[in-house]
S.K.: 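Got a structure for you, questions after.
Order of the sequence lines fixes the chain letters, A, B, ..., with proteins taken first and strands second; residue numbering starts at 1 for each chain.
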Amino acid sequence: MLLIECPYCGPRSEEEFSYGGEAHILRPADPDALNDEQWADYLFMQGNKKGVFYERWVHSHGCRRWFNVARDTLTYEILAIYPMGAAPPKLDERHYV
Amino acid sequence: MPNTHLRRSPLAQLGLGALATNARGPEQNVALRSIPFQTAINLRGPAKDDRFARAVEEIVGTPLPAACRALPGKGDLRLLWLGPDEWLAVAPPDQAHLIGVMESAFGVLERALSGQHVAVNDVNDNYTTIEVSGPRSIDLLSKGCPLDLHPSAFPSGSCAQSLVAKAEVILDRDDKPSELRFRLMVRPSFAEYLWAWLSDAGQEYGLSVLTSP
Amino acid sequence: MSQRQNLTPQAHERADVAPRKHEGLPLAWPLRSRYIRLRVLGRELTSFAGCEVAQKARYSIFSLARNAIGHHENWQAAWRSPEPQGSYDAIIVGGGGHGLVTAYYLAKEHRLGRIAVLERGWLGGGNTGRNTTIVRSNYLWDESAGLYEHSLKLWESMSQELNFNVMFSQRGVMNLAHNQHDLRELSRRIYANRLNGVDSEFLTPQQVKEFCPIIDLRGNGRYPVLGASLQRRGGTARHDAVAWGYARAADTLGVDIIQECPVEGIRVSNGRVQGVETTKGYIGAKKVGLVAAGHSSVLAEMAGVRLPVQSLPLQALVSEPVKPHMNTVVMSNAVHAYLSQSDKGEMVIGAGVDKYIGYGQRGSLTVTEGTLAAICELFPSLRRLRMLRNWGGIVDVCPDASPIISKTPVDGLYVNCGWGTGGFKATPGSGHVFAHTIAKDEPHPLNEGFRLNRFTTGYLIDEHGAAAVAH
Amino acid sequence: MTRKYRLAEGGLIDRSKTISFTFNGERLTGHPGDSLASALLANGKRLVGRSFKYHRPRGIVTAGPEEPNALVQVGRDPATDPNLRATQVELFDGLTAMPQNAWPSLEHDVGEVNSALSRFFPAGFYYKTFMWPAGAWETYEEVIRSAAGLGKAPTGKDPDRYDKTYAHCDLLVVGGGPAGLAAALVAARAGARVILAEQDSRLGGRLLSEPQSEIDGKPALDWVEAAEEELRQSPEVRVLTRTNAFAYFDHNFVALHEQVTDHLPADERPVELPRQRLWKVRAKQVVLATGAIERPLVFCGNDRPGVMLASAASSYVKRYGVAPGERAVLFTNNDGGYRAALDLLDAGVRIAAVVDLREEPSGPLTEAAKERGLRILANYAVVATKGRKLLTSVSAARLSGDGKSISGAPQELECDLLMVSGGWNPTVHLYCQAKGKITWREDIAGFVPETGGPKGVSCAGAVNGVYPLGDCLREGQQAGVAAARTLGMEVTESAAPQAEGQDFLPARWMYLVPSTAPTGHGGKAFVDQQNDVTAADLLLALREGYRSIEHVKRYTTTGMGTDQGKLGNVNAIGIVAEHLGKPLPEVGVTTFRPPYTPVTFGAFMGRDVDALLDPLRKTPIDSWHVRSGAAFEDVGQWRRAWYYPKPGEDIHKAVNREVAAVRQAVGIMDASTLGKIDIQGPDAAEFLNRVYTNAWKKLAVGKARYGLMLGEDGMVMDDGVTARLGENRYLMTTTTGNAASVMGHLEEWLQTEWPELKVYLTSVTEQFATVSLAGPYARTVLAQLTDIDLSPNALPHMCLSEGEVAGAPARVVRVSFTGEAAFEINVPSSYGLAVWEACMRAGEPYGITPYGTEAMHVLRAEKGYIIIGQETDGSVTPIDLGMDWILSKTKDYIGRRSLKRPDILKSDRKQLVGLLTENPQTVLPEGAQLVEELKATPPMTMVGHVTSSYYSPNCGHSIALALVKGGQAKQGETLFAPMLDGGRIACTITSPVFFDPEGERLRA
């Protein structure tokens, strides 16, 4: 049961949020320039990191704003929260087998 | 002019009038009240732009509230923060003309603020209001609301969008000097559910139904 | 509803219901005859797949009685605990049900010589030992129905094939419909199942009540029961026994099962797999099959292969044991719950999937609350039962809620993952076709559709409706 | 029954009141303050249950939540609770309890035959047999199932109510013993918001059973009382007794289970109170003062009724004023165990002997026992016990030099109570759930929390392996101070409460006590009494290769009973470690899974039940539908009118009538549930261009257009009509079911991909009620109610106009989902009912007919219009639907690139077609699968399926829509729909448009 600090509303409970998967995947500017494999990569090959993962959340039952979260997907520790469009913070990798 | 007497509260089916009293009874530690037909205007715009903020203040009589806060304006109006570029002006039913005032004012403003844009939406009927008051209000709401409503975390003047049970609500805490008071703005289609839920959850505290304004 | 000719009870009673039991597959025979031979040979060492392995005494009521006299001190180990060899013909990464079955069939049907199963923890410690043990094959799409039905047939002869009682109990699986949309989808699936040769029938609410008397069809309900599909050949099995039974059988065929041996790297050169780095050192391999459920993408990434899977927490729970209270399996998509009673008497309940990636093997309380509220609504007599244990697994979910059983861009590297909530029931079939894929370097006809590149070409097999929970 | 077991004085019971209860049908008495277990003991009831597998007679072993044996069924069906631990059930007047798992009776249980045959039922026996003949398993299984299970589930609906609530605090203290109280007190004094959760009915923890202890020079219970008083008086403190902290989630979220009225007689339970409550606590800091549980010894015959934990025997004497036996033997491996012998001696119980595993017993309590003249058999072990339904004697024998076997002849000690102490297991469950790491402490032979654990969690007292009372108080206070300081609170330093107290050491650790015969060769030494797992079973598992502790657990089921191994697990690990020759910590522990003790399903449900399970959303016009006798269907959370049967009508007659009325006269429909999204901003058109497949930049103000929305995977996601209200303002409609998801989808793209677009989105679904008038007289009816010019020229198809309708401010849009000329009247939702009623009145002369969703489905199917979720299922592209015309070729949009993937371009994909049955009266079942070639038996190759199918009174025959492989090129071909009863329906592929293909009517 995560406690997520919405950058706009402050710390709120997990129930108020929805998940948006991996962050920093940009829609290709010219989709037609991509071959099928590249397009599939954009569409489906989302990261599934065990360790520090940069992901998107939306405060869906609150202010409805999207933002980015860096979270350890094993310990569920939240390491950073930053707005959409911002570059991800530099965090130490965590290696789990 | 529209015939406002044609309007019907989303809770009309419940026949609350027959149950309602004017004040909370001594054994009753929590009270519910239906407040239909409130004027509600959703306002979007650039918070950081002074001209926008000033224009809002001029119309509603209050500066833009800070995050998760609500401020009183003129004529019983309250301006609620909903998000970084979103507010809700709530006022009694007779203030419905404000929407026209805003639309034209911001229309002018938008043209003046080239590159900025503003949106105004009449959401009067998109919400109805249920007021929860009485000393056990926080206990009652906490049964369904994940927010920390303790005065140290959510003092009077706070507002938030959250959940109460399975209904999305806008909570606006506006205590009277001697009484905890929360206003819950909820979509009309959820109103019966929310009312039933609050009535059920409030049973153990003793529950009054107060007369609607 | 004659206007739509909706399924009437009469139509079903005399319908072409699939027989309750199926003959054992021909596949089972070679092993059985070997067993017979082995019994004659007694405890003699037999060479299998180039490896000296002590044959195991058969389990039976007689062996049990014999051993009782010997204070149970003469039982053999179900499997050896060997140290890894320097290299293998094939390495299966993941000692869950799917991995063990794969190894078993590689040895049994494809006669691969040296095979190892590498398990990071203990056999069956992942989703094999964490699921709600439901087995069924009533999937919508042809590809899924083919694979799961193949699997179901293997379930029907598994205990005999393995000489290990996996307690496969065909007590029927019901899927409930709660609204018109559910009914329409249910009907579509029943028709498809029947034409695919999968047993499936429609139950009216009254028939649902007769089949499972503790369901409250209406109550004050938000979710009335408007009908159900029933697969009578579906049911449950003892999950741990599946891992142990296949481990014992694979070990008998010479497969090295190496526990507590996490894989830390996969060596690839010239586009071909060379072996794996483990905590017990480097082990060479001509072929490597990844069967690691929630950890599949972590492993595949070691070989530079990206997989379209997300690893999500999935919860399950059991009640304290009570005397027999229900005799079937009930699933409800609308409220994300599935329920059966174990032989021990525990009510076994599957809950929903958490929405975010998590390797922590635990889920949110919210999910448990939602599931139990739904269970309490459908089965009001269960409200006073108490939750005894609650746990989480990591399910690997594909965008189309169907698995991947496939070659990969790396030669000699194969992947079997993305089972979401459907993995346990598929165990024998999945391992069987995966063994074929590894051995022949081409898919078995039954897993052709489940290739990795379907995400590129767009041939998705959307089974979201078939999964018991929303992904 | 004799009252000789109730002591003349002492205990925290109210002797002034006598209450009656029944057990096993017998009427017995006790006092307020008794547990069911203490009352049973007071009544001399020593046999209370039968074991799970062997049906062996069992008695009360503990005085707390770790009880493995005394499980009872309390209350009458349907308000009955199986598997309650008698040690935790508070006695109340009128309580009825029954023993479980015994038939025909507790005294004479036929299941006991299992015990005689037990050598054939070792661990895992079922994996090895019941396989012959193939397919007979289910027959065996029925027998096994009826023998298994413990209590009985209720058969009817639970009459009780449950509650749940969130709570927030600065500090959550779990455990109301001395350490927990000390922590709570100091934090409360610093002004912290504190929640103190205690599973017992009273605060005090171990002190309740050690009333002789002193704190700050006063009786310990006086200190407890003062502490409780102070805490209850503090406004920011919440003291929760009868509350079990059962699960620890991420970020300091802890779930508590409070039993609110279970302890009250049925007629004293306030109706307004729930039976139980689930607390969902988010704490900034947590102090776990969860204590420790005494560990039993594993020896032959250790499950006989009369064998009890030493600390439990003390509890019965000290807390409940009950002598748990008449003549006792103590079997211990540590000094602390002697406390029970002394307590019982003080209470006048004879102590036959102390059997001490230690070679040279010493320690303060041992010395006290020696002084009192107790007979101590040093370096001795209990090797057997006797007595069928109650212990009559134990055999003790001297240990060999290495302690691994017995030397010398056993001697028999007569007794009816054997008190056992094998050391203590710190209760680290919650700490482990909090992802704290534990470490093995050799000196106390226990797993304790590692120091420096997870953020915000600390442990205090016995859970840390700290036993002396004074140390527990000090640790508790320190933890409270540290928590408050972490939160930035001022804490004034004060001395911790002072108390004497001692450890239970020295001890001699032995996980499996040797017996006269090798393990498994006679006599059963139980590790897990509830699941009947013996030491021999563990060794068998190891022998068979199940060497991981998790395998041992699963193979033998040790620790999987309702007590979750609170007594047995460390012994099991110890035995496994010894056998494998590994250090104990290397074997490791099994996962500490929640809940700590079982929690009622009803508590998780709370009030999310019946009508409150899920919101049932109603439109502003819903009450009219109810009054008019509508049948409803649920669409997502919405309740929608399905059809309006008149007396004597079934669904078909009603729908046929409604469908005909729309085509021939005028129909009225409540379309308020459609999603509505206000889109404003200078880039609104560009935004629509990106999210819809067709072009939007040229739509004029006052006009509307149909749009199709795809997912980025190219699959159809939603559709609807969007109107341009102003220069920079549009109103989008979505399907009912997708309103929220479309809004989410649009916000996601806007905020995460296209933040540069100047667009604001606002959901206004419920701002408007939507009344749809359709049919030849729709215009005539509406014209009576409005000043808006409705003429086809002034308001043509797909145009809108604003004005007043029936006194309400309205926007009228000419949009049709029926193929008739139709007017969608949008009014603020509070006016919805009035406008609907006005339309009904105005339409009466024209035969206005309300129609529901079913008729709407038929009408649109006649026109070949799709319904999202019916013709589409997430795997259908617009090309498949024959809607290529709506795909812009000149701009990009979400999903466009995906439509160019090879498998999407194939011509044999399933495509939308119409179907006409051979017999026009036959209606294909929806969901029916289609084949080109019939075979006698399955499998048959399916080429498609029926998505929608109805009888069309307007066409005079049945119509169906279907998705068929390559269907668009197969017009005129015949397909068959095999029926479940062996029949088949032949049909011909046609165009999906069955009615008015030119669309003249809707433009009328």
S.K.: Evaluate the side-chain proximity of Val827(D) to Phe768(D): yes if any heavy-atom separation is below 4.5 Å, no if none is.
M.R.: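 Counting from C-beta outward, Phe768(D) and Val827(D) never come under 4.5 Å.
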S.K.: Among Pro620(D), Pro682(D), Ser672(D), which residue has the highest count of heavy-atom pairs closer than 4.5 Å to chain B?
M.R.: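 Ranked by heavy-atom pairs under 4.5 Å with chain B, first place is Pro682(D).
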S.K.: Can you tell me which of Arg187(B), Gln203(B), His150(B), Lys166(B) forms the most heavy-atom pairs within a distance under 4.5 Å of chain D?
M.R.: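 Greatest number of close heavy-atom pairs with chain D: His150(B).
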S.K.: If you tally heavy-atom pairs under 4.5 Å against chain B, which of Asn728(D), Asp678(D), Val271(D) wins?
M.R.: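 Max contact count across the listed options: Asp678(D).
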S.K.: Checking Leu761(D) against chain B: side chain, backbone, both or neither under 4.5 Å from a heavy atom?
M.R.: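 Contact with chain B involves the backbone of Leu761(D) alone.
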S.K.: Looking only at heavy atoms, which two atoms of Pro36(B) and Ser9(B) are closest? And how far apart?
M.R.: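 Nearest heavy atoms, Pro36(B) then Ser9(B): CB-CB, 3.7 Å.
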S.K.: Looking only at non-hydrogen atoms, find the nearest pair between Asp670(D) and Trp836(D) and report the distance.
M.R.: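 That would be N-CZ3, 3.3 Å.
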S.K.: Does any heavy atom of chain D fall under 4.5 Å from the side chain of Tyr127(B), the backbone, both, or neither of them?
M.R.: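 Neither part.
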S.K.: So does Asp170(D) pair up with Arg193(D), basic N to acidic O under 4.0 Å?
M.R.: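 Salt bridge absent between Asp170(D) and Arg193(D).
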S.K.: Under a 4.5 Å heavy-atom cut-off, does chain B meet the side chain of Arg277(D), its backbone, both or neither?
M.R.: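 Side chain only.
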S.K.: State, to 0.1 Å, how close Ile788(D) and Gly803(D) come at their nearest heavy-atom pair, and which atoms those are.
M.R.: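 What the structure gives for the nearest pair is CD1-N, 3.6 Å.
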S.K.: Just by modelled atom types, is the Asp175(B) backbone N or O under 3.5 Å from a matching donor or acceptor in the Ser156(B) side chain?
M.R.: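 Flag set: sc Ser156(B) to bb Asp175(B) pair under 3.5 Å.
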S.K.: Which bit of Asp148(B) comes within less than 4.5 Å of chain D, counting heavy atoms only: side chain, backbone, both or neither?
M.R.: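 The answer is both parts of Asp148(B).
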S.K.: Where does Gln637(D) contact chain B at under 4.5 Å (heavy atoms): side chain, backbone, both or neither?
M.R.: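 Contact with chain B: side chain only.
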S.K.: Give, as side chain, backbone, both or neither, the part of Thr619(D) having an atom under 4.5 angstrom from any heavy atom of chain B.
M.R.: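 No part of it gets close to chain B.
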S.K.: Are side-chain heavy atoms of Leu163(B) and Glu168(B) found at a separation under 4.5 Å?
M.R.: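 Yes, at least one pair of side-chain atoms sits under 4.5 Å.
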S.K.: Most heavy-atom pairs under 4.5 angstrom with chain B, which of Leu278(D), Val764(D), Thr165(D), Thr765(D)?
M.R.: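 Highest number of pairs under 4.5 Å: Thr165(D).
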S.K.: Can you name the nearest heavy-atom pair linking Phe604(D) to Lys164(D), along with the distance?
M.R.: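 That closest heavy-atom pairing would be O-NZ, 2.5 Å.
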S.K.: Counting heavy-atom pairs under 4.5 Å with chain B, which one of Arg607(D), Glu272(D), Arg729(D) comes out on top?
M.R.: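 Heavy-atom pair counts peak at Arg607(D).
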S.K.: With only heavy atoms counted, which part of Trp638(D) is less than 4.5 Å from chain B, the side chain, the backbone, both or neither?
M.R.: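 Only the side chain of Trp638(D) comes within 4.5 Å of chain B.
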S.K.: So, are Arg161(D) and Asp200(B) salt-bridged, with charged N and O less than 4.0 Å apart?
M.R.: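 Salt bridge flag = yes for Asp200(B) with Arg161(D).
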S.K.: For chain B, which candidate among Ala167(D), Pro615(D), Cys169(D) shows the most heavy-atom pairs at distances under 4.5 Å?
M.R.: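 Among the listed options, the one with the most contacts to chain B is Pro615(D).
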S.K.: Among Leu147(B), Thr128(B), Leu141(B), Ile138(B), which has the most heavy-atom pairs under 4.5 Å with chain D?
M.R.: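 Most heavy-atom pairs under 4.5 Å with chain D: Leu147(B).
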S.K.: For Arg282(D), is it the side chain, the backbone, both or neither that has a heavy atom under 4.5 Å from a heavy atom of chain B?
M.R.: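 No part of it gets close to chain B.
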S.K.: Between Glu179(B) and Arg24(B) (salt bridge meaning N to carboxylate O under 4.0 Å), is one present in this structure?
M.R.: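 A salt bridge is present here (some side-chain N lies under 4.0 Å from a carboxylate O).
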S.K.: What part of Pro188(B) gets closer than 4.5 Å to chain D, counting heavy atoms only: side chain, backbone, both or neither?
M.R.: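 Both backbone and side chain.
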S.K.: Considering only heavy atoms, which portion of Asp608(D) lies under 4.5 Å from any heavy atom of chain B: side chain, backbone, both, or neither?
M.R.: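 For Asp608(D), side-chain heavy atoms alone lie under 4.5 Å from chain B.
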S.K.: With a 4.5 angstrom heavy-atom cut-off, which part of Arg238(D) approaches chain B: side chain, backbone, both or neither?
M.R.: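 For Arg238(D), the side chain is the part near chain B, not the backbone.
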S.K.: I'd like to verify something: which residue of Pro274(D), Ser829(D), Ala834(D) has the highest number of heavy-atom pairs under 4.5 Å with chain B?
M.R.: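 Winner by heavy-atom pair count: Ser829(D).
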S.K.: Any idea which heavy atoms bring Phe253(D) and Lys280(D) closest together, and the distance?
M.R.: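 Nearest pair, atom of Phe253(D) first, then Lys280(D): CZ-CB, 3.5 Å.
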S.K.: For Leu616(D), which atoms come within 4.5 Å of any heavy atom of chain B: side chain, backbone, both, or neither?
M.R.: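 Just the backbone, heavy atoms under 4.5 Å.
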S.K.: Is Lys758(D) paired with Glu686(D) through a side-chain N to carboxylate O contact shorter than 4.0 Å?
M.R.: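 Salt bridge flag = no for Lys758(D) with Glu686(D).
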S.K.: Given that the side chain runs from C-beta out, which part of Ala201(B) has a heavy atom under 4.5 Å from chain D: side chain, backbone, both or neither?
M.R.: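 Both backbone and side chain of Ala201(B) come within 4.5 Å of chain D.
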S.K.: Would you mind checking which part of Val626(D) comes under 4.5 Å of any heavy atom in chain B, side chain (CB onward), backbone (N, CA, C, O), both or neither?
M.R.: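 It is neither, since no heavy atom gets under 4.5 Å.
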S.K.: Using heavy-atom distances under 4.5 Å, tell me whether Ser152(B) contacts chain D through its side chain, its backbone, both, or neither.
M.R.: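 Just its side chain gets close to chain D.
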S.K.: How far apart are the closest heavy atoms of Glu204(B) and Asp163(D), and which atoms are they?
M.R.: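 Looking at all heavy atoms of both residues, the shortest contact is OE2-OD2, 3.5 Å.
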S.K.: Which answer fits Pro270(D), side chain, backbone, both or neither, if we ask what part of it has an atom under 4.5 Å from a heavy atom of chain B?
M.R.: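 Pro270(D) has no heavy atom closer than 4.5 Å to chain B.
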S.K.: What's the verdict on side-chain hydrogen bond (donor to acceptor under 3.5 Å, both in side chains) for Thr211(B) and Arg33(B), showing C-alpha distance, side-chain angles and the deciding distance?
M.R.: CA-CA 6 Å; Thr211(B) 315; Arg33(B) 187 160 73 127; over 6 Å; no
S.K.: Quick check on Leu140(B) against chain D: is it the side chain, the backbone, both or neither that has a heavy atom closer than 4.5 Å?
M.R.: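 Looking at Leu140(B), nothing touches chain D.
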S.K.: Using heavy-atom distances under 4.5 Å, tell me whether Ala769(D) contacts chain B through its side chain, its backbone, both, or neither.
M.R.: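 For Ala769(D), no heavy atom lies under 4.5 Å from chain B.
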S.K.: Is a salt bridge present between Glu802(D) and Arg811(D), judged by a nitrogen-to-oxygen distance below 4.0 Å?
M.R.: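 Yes.
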S.K.: Does any backbone or side-chain atom of Ser763(D) lie under 4.5 Å from a heavy atom of chain B? Answer side chain, backbone, both or neither.
M.R.: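 Contact with chain B involves both backbone and side-chain atoms of Ser763(D).
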S.K.: Roughly how far apart are Leu240(D) CG and His257(D) NE2, rounded to 0.5 Å?
M.R.: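 Rounded to the nearest 0.5 Å, the CG-NE2 separation comes to 12.5 Å.
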